[in-house]
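Letters A, B, ... mirror the listed sequences (proteins, then strands); counts begin at 1. Quantities reported herein were computed from a predicted structural model and do not represent experimental measurements.
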Amino acid sequence: MISAPDVVAFTREEELEDELYSEPPLPEEYSVPLFPFAGHGANPWAKVASSKFTRDFILISEFSEQVGPQPLLTIPDDAKVSGTFDLNYFSLRIMSVDYQASFVGHPPGSAYPKLNFVEDSKVVLGDSKEGAFAYVHHLTLYDLEARGFVRPFCMAYISADEHKIMQQFQELSAEFSKASECLKTGNRKAFANELEKKLKDLDYTRAVLHNETEIQKKANDKGYYTTQAIEKANELASVEKSIIEHQDLLKQIRSYPYRKLKESDFHPYEPESALDHANVGCDQDLTTSDLAEPGETHLYTHMPSYTPKLIKAKSAKCFDKKLKTLEELCDIYFFTQTLDQLHQIERTFRGDVCYLLTEQISRALLKQQSVTNFLFEDVSFLDEKQYRGCQGLSQDAMDRKCSEESPAPKVVISLGSYKSSVECVPIKMEQEIEDSQEPKMTESVTFEHQENLDYLDADIKGSISSGESIEVLGTEKSAPGLTKSESQASLPVSPSPQAGRSKVGSRRTVSEDSIEVLSTCPSESLIPEDFKASYPSAINEEPYVDDEEGGLHFTPKLNPDNADEQEDISKQENLVQVDSACCIGKESPNFLEPLPDLGQKPCDDDGVVRIPPQPYRQAEQGLRGSFGGFPSHDGISGGLLPYELDPRYLTGSREVSRSSLDECSDSTSYISSAASTCSDRTPSPAHLACQASERHKKKAGQNALRFIRQYPFAHPAIYSLLSGRTLIVLGEEEAIVKKLVTALSIFVPNCGIYAKPVKHWVTSPLHVVDFQKWKLIGLQRMVSPAGVNVLHTLSRYSRYVSILDADSKTLRCPLYKGTLVSRLADHRTQIKRGSTYYMHVQSILTQLCSKAFLFTFCHHLHLPISERESEESIVNRRMNFLKLQLGLANEDIKIVQYLAELLKLQYIQEPSQGVNPMLRFDYVPSFLYKI
Amino acid sequence: MLRWLIGGGREPQGLAEKSSVQTIGEDQIQNPYTELLVLKGHQDIVRFLVQIDDCRFASAGDDGVVFLWNAQTGEKLFELRGHTHKITAIAPFSSPDASEEKNHLILTASADRTVIIWDCTSGRQVQKVSCFHSTVKCLTVLQRLDVWLSGGSDLCVWNRKLDLLCKTSHLTDAGISALVELPKNCVAAAVGKELIIFRLIAAVDGSEGWNVLEVKRLVDHQDNILSLVSVNDLTFVTGSHVGELIVWDALDWTKQVTECNFWDSSVHPDVQPEIKLSQSPNETSVQHLTSDEECVFAAVGKGIYVYNLQMKRVIACQRAAHDSSVLHIEKLPNRQLISCSEDGSVRIWDLREKQQLPAEPVPTGFFNMWGFGRANRQANQAAKKVQENTPMYFLELVGDLIGHSSAVQMFLYFGELGLATCSADHLIILWKDGERESRLRSLTLFQKLAQNGDLQLRF
């Protein structure tokens, strides 16, 4: 960890401010703006006081065709979590903002029902009355028995902290997409199975009917058909039609493009893909052979367990049936996988957003230090896939800023290729069919569009006139369709189908009047150019938008190369602004960009806040009431500098630090007990491993603090550890020794990316191999003869070790006269909390690492500049560098040299073979320290 | 030492007794070995280390397994398994042909009465001989004749193809304990107290066969000969269990000097028991001998003695060099001496000239150790001689290497690559010059950087 959350707490104090800024400048991304309302007795947690639940949770709801929106389950599955929060009501809310409006059934011009491969939609929704904000992820699952074969579901991450939802949108979206994909994969599998069964039933039914008809034919030679025979024939015909329909459905479901197979590391897809290969073979058979042939049945022999049933010609309508549960809809395996993933999400996003962001920044920065990060950090988690989303993001922040600019969330991109107007166009197996569909689609869309114009109109009027703060902050995801949207804009009239669709969403919004829909539509949907004309209110915003553009310093600067793209983006921003009354480009970067000057924000006379392109700030405005209507945030946002790091982090940290001083990692925070009603009071661990290490860090930090206060010879002890000399903590009581070992373990540099070279408790005599392996050892002191033996070996190897005697409180180790450790372990330190001290240590160690890095990778410090240069002069140069350039004194040099050796070893090590653990030592005299 | 650790009365006896042994503090400026690498593999005492080429060596011991190691990286190259009992002798056997790919072989003899030839390049067993009647205790390769000798209860001569060329009759049950090559196709074999000289004679029929002939039996030693070393073409030296050191002429096998009961030529049988009263035989046995052109270095009991062949006297000694028996001693090119001992330590000694003579010459102390007057007088005479003629030398302890927890059986000096030590604690330790290693790592680092193209920042 590089950051220190205590800094957050200090910002409350006015006088500390100066001190803070007189310090060497804090990296910009960590600088913490003062809480603007500090002087007015307000506290930053008051705004979320209204929420009725204690912590974030995940809600899965369904829009049941029988009973309407209903909550299915929550994660964590604990009634206490949701508290008095009305899940039913909220389910209604979140299900009502589903934009995908599944279009299933017989589309015009198509003979068969078409499955609609809809992409999920991701929406942010707020309910200020309930104090709940949610990231809502809509998805549809297929069910043969359901109306239109689809069942709409949604997963919602519900938090009291709006900023969290907004700032973690991408991460949430990424994680939920994974969960959703998992569910859908399982569902497709289950659906295909269901279809196969149904087909077998139908086949069987047809055979039976056919036989009956034949019998009738034979029985009756009259030359004409009886009504009974005709009925039978009709029935047969309908069954045959049904067979064809179902076969078509099966074909469709199986032809689902496995685009996400490239995410092959995602576990659940593996069996699926294998299965599908097998199925593809079947498909080909199915398509090539005449299905009417009786021999066809052999295809199904691979599912022998199923015996076909006779199907009634007219199946019962669905209201008397029990709908399948979510578990049944998806394969049980995939269902549990999904639940796991959701639990993972819950854990990942637990806690305050401030903490999450700091975590993410730290992780991103840590990830960059690929050469040195193993030394003092636990880097194992960097590789874990749980963090792919966040990491990918931070990677992007660093090396692909331009692509960051593209407004669509990455996950969606990775899910792949939106076909244009994917939502409505049923995906065809053959391209030509799709083409032939196109005109009809447009027809339906224009109709829809017409209809929505009205809604849109109503929407805007409503939002302006009513005193209710209806804020619809939505945006269309426009990345893939960027070019398209532009071209659309230039066309005189060609309303995009999605535009209409999005309006459907806003329409729904209007109907729920206290709700704030901060929406994201799943596909590009921008109001065409000509829309502007018809909506004066939107046009009015334009000048403001321009101002805004001026304020966004970094967007153009970041990316001079991609001028075109920039243009696109800015253009699109314009469009978005126009559109802002209903939909704002949430996923576009400007959504997250700081609004430089909110003071300029035009407020309507009637007090209704106009919508800036910044949903979360906007939301804050809505919350401002509790702070007595502060005019603006000028002070904070005015001085924003163009910043090279990912801008969202910047804003993130600023926003966050202001919004919540809630404890970040340490539950002993005095603040949290008093004021925080924020989403979660538990420390927010990134995931399980982290949770453990988090606790460990805290504990280690506390113990270390105690150690440096208690032991006046803490410095030489820490120096021993830092310089790679094994430190042995000797004591009779295991608990005391272990505590000391834990305390000191934070100073131990790692030798590789694996576990720390720390052994907490040893009772047997040590060998030289142990010193090679472990750098910090807790050793039992025994009074028995065996114990003497242990001590004997210890004295034998005394040149390799420093010995801290926990019982007599003595230390035997080399002298330390450097300055570095005193900064690291000042016994008069004001730091009180363990985790803070841990972070303090980490920051100094990080600094140390950078010195070691410089030292290691400076070519001329190790190799001759000219060929004739003597070794001696290189040594001189090396020492000069250490002393003068790095400012190291005395023994500090040895620390850096040791770290440099570790870096070298790590770097030159072949990936196949591990580092050969070697023991480096010095022949230096040791001294005995006593208290 | 660490008295504070153990606390007042709990210090074991052993620690207190060490006062007589010279010790060096933790501040060892001249000790270059500041890095160590522990090589694990053996399951029992490691007794032998043998150098194969510039950077490889083999280790063998009581577990019957031979390991090949890279002396630079410590990498285990091969694990040669074939013997069922402990290994009793090992010798490198390089092919004499000067072809590019020098074929490195090693011979190992084991208590399972077999000898195996291994190929060091492929790590395979080349051939196995198992027709021995007794354990082969020593192996010598006569590079010049392209034959090798195995010494057990008899002496056998083999050629490269492992054909038995000839063998002697059964000598003793105890068998040959040491073999050394002498000029004129002769070898000296130590058999108990006797030293037997054999000569190899080419077969008369002109085939490549050899006949082995016992030429002479030398019975001058009072006790078992423990060490046998050839100094140069003219001299070889033997040392026995009771501390006799005899310098032989390598051509006519006559005694040149006998330093018996410590360099006293006239052996007085009546004195012997007296010595044994004061000293256990182990303390006087000549465990190992080594030599350079002018001096013989003897590991005698716990001490190290430097015997100058020209001056025919001990020029320097360290009578309590270690806490217990010195097992192996080696002279380094830079006038340094390394010794290893049963006490688990390896010590580095510097043979230095004494600038001004001290009042008390060193050898006196040495002879005093034996506690009988005659030697003392002799020593005084010798000391006087020294004062008149030549500069005095002394052995200065410049460093000790502590790593093994049990007796260090042997070591192998690899020059700047470092030092390999093997021990009864089943470990081999590579001692390295930390500075040099650090430099090498930097070099590798920058090579790898250039290779990876990492010199341009990627992140």
Examine whether an atom of B/D343 lies under 4.5 Å from a heavy atom of chain A, and if so say whether it belongs to the side chain, the backbone or both; otherwise answer neither. backbone
Under the side chain to side chain donor-acceptor pair (under 3.5 Å) rule, collect the residues that match up with A/K904, sequence neighbours excluded. A/E901, B/S438, B/S442
If you count heavy-atom pairs under 4.5 Å between each of B/V38, B/L443, B/L36, B/N31 and chain A, which one has the most? B/L36
Positions in residues 416-423 of chain B that reach chain A, provided some heavy atom is under 4.5 Å away: none
So for A/E871, is it side chain, backbone, both, or neither that comes closer than 4.5 Å to the heavy atoms of chain B? side chain
Which word best sums up how the rings of B/F57 and B/F414 line up, parallel for under 30°, tilted for 30 to 60°, or perpendicular for over 60°? tilted
Sort A/H859 into side chain, backbone, both or neither according to what part of it lies under 4.5 angstrom from a heavy atom of chain B. both
Taking side chain to side chain donor-acceptor pair (under 3.5 Å) as the test, write out the residues that go with B/D44, two or more places apart. none
Is NZ or CZ of B/K448 both nearer than 6.0 Å to the six-membered ring centre of A/Y907 and within 45° of the ring axis? yes
Is the closest side-chain donor-acceptor distance between B/S59 and B/H42 under 3.5 Å? yes
Between A/S926 and A/R725, is there a side-chain donor-acceptor contact under 3.5 Å, judged purely by atom types and distance? yes
For residues 328-338 of chain B, dump all side-chain donor-acceptor pairs below 3.5 Å to protein atoms at least two apart in sequence or in another chain.
residue: B/H328; atom: NE2; partner: B/E330; partner atom: OE1; Å: 3.0

Part of B/I429 within contact of chain A (heavy atom distance under 4.5 Å): side chain
Do B/T121 and B/H104 have a side chain donor and acceptor closer than 3.5 Å? no
Interface moiety of B/I29 toward chain A, non-hydrogen atoms closer than 4.5 Å: neither
What part of B/K40 lies closer than 4.5 angstrom to a heavy atom of chain A: side chain, backbone, both or neither? side chain
A/Y800 versus chain B, heavy atoms under 4.5 Å apart: side chain, backbone, both or neither? side chain
Winner by heavy-atom pair count (cut-off under 4.5 Å) against chain B, out of A/D922, A/T856, A/T793: A/T856
Consider only side-chain N and O atoms of B/Q28 and B/D400, and report whether a donor and an acceptor are under 3.5 Å apart. yes
Is A/L863 in contact with chain B via its backbone, its side chain, both, or neither, using a 4.5 Å heavy-atom distance? side chain
Is it true that the side chains of A/S873 and A/N876 contain a donor and an acceptor less than 3.5 Å apart? no
